[in-house]
2 protein chains.
Amino acid sequence: MAVTIRDVGARAGVSQATAARALGGYGHVSAAVHTRVKQAAVELGYVPNSVARALASGITHAVGLVVGDIENPFFSAVARGMSNVLDDNGHTLLLANSDEDLDRERVAIEALRARQVDSLVVVPSSASASPHLRAAAADAPLVLLDRTIPRLAVDSVTVDNKGGARRAVEHLIEHGHRRIGLVSDEPDISTSAERLAGYRAALLGAGIAVDEHLISLGGPTPEEGYRAARRVLEAPDRPTALFTANNFMTLGAMRAMRDLDLKVPRDLSLVGFDDLEWTTLVDPPLTVVAQPATELGEAAARRVLARLAGADGRPRRVRLETKLIIRASCASIA
Amino acid sequence: MAVTIRDVGARAGVSQATAARALGGYGHVSAAVHTRVKQAAVELGYVPNSVARALASGITHAVGLVVGDIENPFFSAVARGMSNVLDDNGHTLLLANSDEDLDRERVAIEALRARQVDSLVVVPSSASASPHLRAAAADAPLVLLDRTIPRLAVDSVTVDNKGGARRAVEHLIEHGHRRIGLVSDEPDISTSAERLAGYRAALLGAGIAVDEHLISLGGPTPEEGYRAARRVLEAPDRPTALFTANNFMTLGAMRAMRDLDLKVPRDLSLVGFDDLEWTTLVDPPLTVVAQPATELGEAAARRVLARLAGADGRPRRVRLETKLIIRASCASIA
DNA sequence: ACGAGGCGTGAGAACGCTATCAGACCGACC
DNA sequence: GGTCGGTCTGATAGCGTTCTCACGCCTCGT
């Protein structure tokens, strides 16, 4: 059906093997044959079959990405970043969603492995090094994105969650707040644990005792964010400031404030996580800890490329900086 | 390296061919051998090599998706929808970004074709049926997503843009507005042209002459939306209502209103396109034309599956409905 | 002038699977 | 008892590449 390298060879009057050499740029080919073959290739519109190439060479030039949900702006930015550098290097991105479900993640990884991806980038949905991750790491470079897993010695690309959270809470403290609530994700994922640690560190650093009642955890969805926020906001002696350490939960928390008729920053100061488009559009514009999501993806892709280029050695852990973007959602306490 | 079907056969004490039959479920295999082979497969942790399978069978079970930018929430929802149905059917999604650039689109499509994808889903970045699209359509089912291309007879999955836009403008008219501005994308892409047509139809239906000065077009970015909005809002005799027919441009338009100190809906009524998370969070919550983005992706994937299952016949054009979601950004004129 | 060595080329094996084909074996039927 | 039809199995030919090998040729050095 399609034109193969054999057809190209035939038209150029050489064997399939020679045509392959000319096009593949390896071995020895005379200049005359080289141009002849190249021309035959364009004339016939020859496109190398990457499936055959992959089988023969054992290299697919494909990289799998497993995220919780590509609809999450953070993950789509990551995907964009990876795609940016992968596409420029002749690689293709295979995408799968895990829905933060360990079983779906397993299935996705298996499918990607069956496809012989050269490397796998995954945002692990669980904190434990499940066997399928170890297995994946065993036969192709694995890089963990955004979240790490204890006792799994592989490359990772993450963000300084603890520092970012600490900076956010310090910002609140600088405004005179001492009762600062935390709405965050379940602490069994590393990002959440680190942000919690940053929250504690900031409080401790300022000599403020941590009140566990002000910490409200839940799943990473707007709905759970809503519930978590209400829990802490409806308690007696509610906090004067809130740090929401997850973008979807920030969304829910803001709805909770609206329903509770709490105005930001008059009744409550607020710092969120992730700098998304809408954060400048709400009133007041939101002060947030920004994560370099696209860069995270790019860094992961570069890590992959480095490993594929043969970079050996022990796991490298790349950590990018977060940045506190100060807008108008924090007020000083009288 | 990896365990092959030959290894499975060896362990089960049969030939590679028989093992393949047992696992592949074709031909005749005795019950005893069947179970023996299956067990050997699990014991060895056999995972079929889909690259080899693809080469031998000519079917990759891979579908390519080319969008402008996966970071656009509309496109990530589409990708999610496709992934939903594709994953459940043993297919894999290969993702590429075109940046709305014809040349990048061409490169992306070529790469995907070289990978022998069974089918291609493209959000075309140009209105003309460029040769690479025709070529792609020639050797694998092609489905156009969101936007169509005149004179390209392939499957498409779109949304009722004209009806949605018309309904939005009618909503504004019902509030007594007669000077209604339009901020939209360049009309050489079909969605924009259709929305423009819907805008005109609504006006005409109400006996209102369309004032071309109220129509402000630009690229589909927040920045261009900002410019386009300012252009129409700073003109003498500015409109009392605005319809922004693109989600990124809505974002820009809202910034323009803020800079111009125009309050919605007091100074200006507003209807946007696309129902994103943040539209309920801004003050006032935005009235928008909602598009079923995820469903769009699912429909596209189903179309692909149908074609791959052998559904022949002339191109099918699927069109989904839009829905006006009324919130609080429109006020009646005194 | 002759061997060594490099260059250019074609033949062909390998990658791991699908799928066809032919042969071995069995029971059943006339 | 011989033939037929069926079931089960192994051998084997691809799929379109990559890549090794062997061979012929030319050039160069001695």
Side-chain angles (χ1 to χ4, degrees), chain A residues 1-38 40-41 44-62 90 92 111 113-118 139-140, chain B residues 1-38 40-41 44-62 90 92 111 113-118 139-140:
Chain A
M1 198 87 283
V3 19
T4 75
I5 203 165
R6 176 158 258 115
D7 302 325
V8 175
R11 169 173 265 251
V14 297
S15 76
Q16 169 270 141
T18 303
R21 259 190 306 260
L23 261 19
Y26 62 96
H28 300 281
V29 187
S30 72
V33 166
H34 189 263
T35 54
R36 200 137 44 85
V37 168
K38 279 221 155 165
L44 294 175
Y46 169 69
V47 179
N49 180 328
S50 7
V51 171
R53 172 174 298 182
L55 181 61
S57 67
I59 301 173
T60 53
H61 294 281
T92 296
R113 288 220 290 153
R115 281 212 139 69
Q116 314 292 119
V117 290
D118 292 342
D139 64 26
Chain B
M1 199 86 284
V3 19
T4 74
I5 202 164
R6 175 158 260 117
D7 302 325
V8 174
R11 169 172 265 250
V14 297
S15 76
Q16 170 269 143
T18 303
R21 259 190 307 258
L23 261 19
Y26 62 95
H28 298 281
V29 187
S30 72
V33 166
H34 188 264
T35 54
R36 199 137 43 87
V37 169
K38 279 220 155 164
L44 294 174
Y46 169 69
V47 179
N49 180 327
S50 9
V51 171
R53 173 176 298 187
L55 182 60
S57 67
I59 300 173
T60 54
H61 294 283
T92 296
R113 289 220 291 154
R115 282 212 138 70
Q116 314 294 117
V117 289
D118 293 342
D139 64 26

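What you see below is based on every heavy atom in this structure, not just the backbone, and it leaves out hydrogens, waters and symmetry mates. In the text below, chain A, chain B and the rest are named by the order of the sequence lines, each starting its count at 1.
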Spacing of A:Gln116 atom CD relative to C:dC15 atom C1', expressed in whole Å: 10 Å

Separation of atom CD in B:Gln16 from atom C1' in D:dG14, rounded to whole Å: 13 Å

Phosphate contact (D:dG16 OP1 or OP2) by A:Thr4 side-chain N/O below 4.0 Å: no

For atom CG of A:Asn49 and atom P of C:dC15, their distance in whole Å: 19 Å

Under 3.5 Å: donor-acceptor pair, side chain of A:Arg36, backbone of A:Ala12: yes

Residues in contact with DNA chain C, drawn from residues 53-60 of chain A - heavy-atom cutoff 4.0 Å: A:Leu55, A:Ala56

Nearest listed nucleotide, side chain of B:Val14, among D:dT17, D:dG10, C:dG8: D:dG10

Spacing of B:Ile5 atom CD1 relative to C:dA19 atom P, expressed in whole Å: 12 Å

d(CZ, A:Arg21; P, C:dA11) in whole Å: 11 Å

Distance in angstrom units between B:Leu23 CG and C:dA19 P, rounded: 14 Å

Side chains of A:Arg115 and A:Thr60, donor plus acceptor under 3.5 Å: no

Backbone of A:Val14 reached by a side-chain donor or acceptor of A:Thr18 within 3.5 Å: no

Touch class at under 4.0 angstrom, heavy-atom based, for B:Val33 against every strand present: sugar-phosphate

Close side-chain approach of B:Thr4 to B:Asn49, heavy-atom, < 4.5 Å: no

Note, B:His61 side chain near B:Thr92 side chain (heavy atom, < 4.5 Å): no

Which residue lies more 5' along DNA chain D, comparing B:Ala19 with B:Ala52 via nearest heavy atoms: B:Ala19

Shortest non-hydrogen contact between A:Pro48 and B:Ala114, atoms and distance: O-CB, 3.6 Å

C:dG10 phosphate, OP1 or OP2, under 4.0 Å from A:Thr18 side-chain N/O: yes

Length of the NE2-C1' vector between B:His28 and C:dA19, whole Å: 13 Å

D:dC8 OP1/OP2 closer than 4.0 Å to side-chain N/O of B:Ser30: no

A:Tyr26 vs C:dG8: side-chain N/O to OP1/OP2 distance below 4.0 Å: no

Separation of atom CZ in B:Arg6 from atom C1' in D:dT12, rounded to whole Å: 10 Å

Validation row: B:Arg113, A:Val47 side chains within 4.5 angstrom (heavy atoms): no

